[in-house]
Amino acid sequence: MRAQSELQPELLVDNIGKTFESAAGSVKAIDRIDISAKAGEFISVLGPSGCGKTTLLRMIGGLERPTQGDVSIGGHSVWKSRGDKTAGEAVRSLAFAFQDSRLFPWFSIEDNIALPLRLRGEPKDKRLARARELCALVGLQGFEKAQPRQLSGGMRQRVSLARALAIDPRLVLLDEPFGALDAMTRDQMNLELQRICKATGATVLLITHSIAEAVFLGDKVVVLSPRPSHVHAVHEVHLPRPRTIAMQETPEFQNLVRAIRSDIAGYPA
Ligand SMILES: Nc1ncnc2c1ncn2[C@@H]1O[C@H](COP(=O)(O)OP(=O)(O)OP(=O)(O)O)[C@@H](O)[C@H]1O
Ligand SMILES: [Mg+2]
């Protein structure tokens, strides 16, 4: 018999929906979304602008209350048990990174990375040791004392990723983290992210507008419909790991990209 923890998904987005109410009227952003991820799985999410991807991430992360459904992380409900200890447990173990790196300009790189640990009250020597380890993990050795303005866009995104990993999250939520980068830097960051995911074993949910990036990184690609969104299609990616940039030229990769592109072309008018 397998242990219960192996059967239970690490992330379960269960029938979640969101309607925003304001003085100007109501906006149904998400009709209904179900997603499930096993521990260590990498889920890519694609969808048109405004379909509710950021809202979905915020509901998973405990930042935006859903109007229907719930999320559980490691079996702990994020919303049903809001306010009790188990809800705290669910969101304690996750980390966010966004399209803009959101670094504090007046903090050094290591202080930016160590910030979540400072907020948790970790002692200074321990958090700086961890920040240095993470600098090495994301390939930024030697930049520990630099200021964010001395770094390139790609390097700043690495800092943002390192900061997200500082708390050893079991779930990492990435909202178009590489959207602002040029194609070559983005390929490089995708390789780095793949390596980091393997090293940490975290479960990852990545929002992206790039079909190639979704396929390159994902074990599964979830395609959302236009607003009010639902899951339009799910594609399993069976390409071997570690994936290489050259794999993007293979028929398997290109067939998947084509299938996803045709899903998107098939949205209801
Ligand atoms: N706080 C809010 N109040 C009212 N409406 C909102 C709020 N946040 C988002 N919305 C609306 O919900 C819908 C989904 O927004 P969201 O930011 O989640 O989309 P998205 O898929 O992340 O878009 P993009 O790809 O452009 O980042 C949009 O129509 C947006 O206007
Ligand atoms: Mg968004």
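Atoms within each ligand, like the ligands themselves, are counted from 1 in listed order. The model shown is predicted, which means the values in this text are computed figures rather than measured ones.
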Legend entry - Protein non-hydrogen atom below 4.0 angstrom of atom 2 (C) of ligand 1 present: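 Yes, at least one protein heavy atom sits under 4.0 Å from atom 2 (C) of ligand 1.
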Legend entry - atom 31 (O) of ligand 1 within contact range, any protein heavy atom under 4.0 Å: no
Legend entry - the Mg ion (ligand 2) to nearest N/O/S of T55 less than 2.8 Å: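 No, outside the cut-off.
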Closest non-hydrogen protein atom to [atom], residue and atom name please, with distance?
| atom | answer |
| --- | --- |
| atom 26 (O) of ligand 1 | S49 OG, 2.6 Å |
| atom 15 (O) of ligand 1 | T55 OG1, 3.8 Å |
| atom 25 (O) of ligand 1 | K53 NZ, 2.7 Å |
| atom 17 (O) of ligand 1 | T54 CB, 3.8 Å |
| atom 10 (N) of ligand 1 | F20 CE1, 3.4 Å |
| atom 27 (O) of ligand 1 | E176 OE2, 3.8 Å |

Answer yes or no: is there an ion pair linking [X] with [Y], defined by an N-O contact shorter than 4.0 Å?
| X | Y | answer |
| --- | --- | --- |
| D168 | R130 | yes |
| D263 | R261 | no |
| D175 | R58 | no |

Give the numbers and elements of all ligand 1 atoms closer than 4.0 Å to a heavy atom of [X].
| X | result |
| --- | --- |
| H209 | 25 (O) |
| R227 | 13 (C), 29 (O) |
| A29 | 12 (O), 13 (C) |
| G52 | 14 (C), 16 (P), 18 (O), 19 (O), 20 (P), 21 (O) |

Legend entry - Within one Ile-Leu-Val-Met-Phe-Trp-Tyr cluster: L173 and V231, side-chain cutoff 4.5 Å: yes
Inset, instruction - Flag yes if F96 and L115 sit in one hydrophobic cluster, no otherwise; membership is Ile, Leu, Val, Met, Phe, Trp, Tyr, and two members link when side-chain heavy atoms are under 4.5 Å apart. - result: no
Does [X] use its side chain to pair, donor to acceptor, with the backbone of [Y] at less than 3.5 Å?
| X | Y | value |
| --- | --- | --- |
| R156 | L151 | yes |
| T200 | I196 | yes |
| R32 | D14 | no |

Inset, instruction - Please check if any side-chain donor atom of E213 sits under 3.5 Å from a side-chain acceptor atom of T208, or the reverse. - result: yes
Inset, instruction - Could you give me the CA-CA distance, side-chain angles and deciding distance for V223 and V234, then say whether side chain to side chain contact (heavy atoms under 4.5 Å, CB included) is met? - result: CA-CA 6 Å; V223 183; V234 179; over 6 Å; no
Inset, instruction - Look at ligand 1 and say whether S22 reaches it with a heavy atom at a distance under 4.0 Å. - result: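 In this structure, S22 fails to qualify as a contact of ligand 1 - no heavy atom is under 4.0 Å.
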Legend entry - Structural part of K18 in contact with ligand 1, heavy atom criterion under 4.0 angstrom: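 It is neither; nothing of K18 touches ligand 1.
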Legend entry - Heteroatom proximity flag, G50 to ligand 1, N/O under 3.5 Å: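 Yes.
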Legend entry - N/O separation below 3.5 Å, C51 to ligand 1: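 Yes, since at least one N or O of C51 sits under 3.5 Å from an N or O of ligand 1.
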Legend entry - NZ or CZ of K145 within 45° of F143 ring axis and under 6.0 Å: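 No; the conditions do not both hold, so K145 does not lie above the ring face of F143.
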